[in-house]
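These values consider heavy atoms only, across backbone and side chains, with no hydrogens, waters or symmetry-generated copies. Only a predicted model underlies this, so the values are computations on that prediction, with no experimental measurement involved. One is the number of the first residue; the rest follow in order along the sequence. Just follow the structure's listing: the first ligand is 1, and inside any ligand the first atom is 1.
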Amino acid sequence: MGDRHHDALSRLWPSYGLDVSSTPLDFPALFGRAAPLVVEIGSGMGDATAAMAAADPARDYLAVEVHVPGIASLLSHIETRGLRNVRIARGDAIDLMREMVPPDRLAAVHVFFPDPWPKLKHHKRRIIQPAHVALLASRLLPGSGVLHCATDWAPYAESMLSVLSAEPSLVNTADGFAPRPPHRAVTHFERRAARQGRDVFDLVFRRRAA
Ligand SMILES: C[S@@+](CC[C@H](N)C(=O)[O-])C[C@H]1O[C@@H](n2cnc3c(N)ncnc32)[C@H](O)[C@@H]1O
């Protein structure tokens, strides 16, 4: 980790960071206001999170990431851009969603370019699998909350489409894969996919009304 990120981590973590734990979050206390909330799972280096939060100041963004240099990088972005609507949780996203986020709360969950785990024996590590999707869907606002996934790994995209389509509480907003929503910031992974001639697949599903 570079000096700049290390410095950002030690200075900014107390104000913007939290560890995943079993204590439910008090979102108005965390953000200092009551606003629609987006959770971004696996924010990586945080460039897309920071860009989307900067373009969307009326909503709050909670990123969750296990990779500490990525957390430090997002903290640097928060400072550089002067963002007030971003916080970052360190730890496992599934634990965070299960333990810390109440049902029926989120305006959106973003899962952008998750690790594809291409080997069959590693598929159980994927974020997008039936039990996880049921959990994520339960945290969305009924009738309006959106689960938005993107990947450049075609076999994972097909698997996501069948897993999301099979979750009874979700409805696809598109006929199959969705057009790329203009608000999704381009990330390192998307630029790499373009350079290597791979397509990117978006999936945008809404939670059904209760
Ligand atoms: C391929 S990267 C994509 C990063 C970012 N979304 C982007 O598009 O640039 C996937 C990220 O998910 C994180 N990750 C994987 N499993 C996770 C989990 N269970 N909880 C939180 N983060 C996770 C990894 O550390 C990695 O930074």
Distance (rounded to the nearest 0.5 Å) between Arg208 CZ and Glu167 CD: 9.5 Å
Residue Arg184 excluded, over 12 heavy atoms near CZ under 6.0 Å: yes
Check: Tyr156 side chain, Ile128 main-chain N or O, donor-acceptor pair, under 3.5 Å: yes
Check against side chain to side chain contact (heavy atoms under 4.5 Å, CB included), Val109 and Arg207: CA-CA 11 Å; Val109 174; Arg207 186 173 174 193; over 6 Å; no
Pairing of Arg125 and Asp115 as salt bridge, 4.0 angstrom limit: no
Connected-component partners of Val146 among ILVMFWY, side-chain separation under 4.5 Å: Val204
Under 4.0 Å from ligand 1 - residues by heavy atom, chain and number: Gly42, Ser43, Gly44, Val64, Glu65, Val66, His67, Gly91, Asp92, Ala93, Phe112, Phe113, Asp115, Ile127, Thr187, Phe189
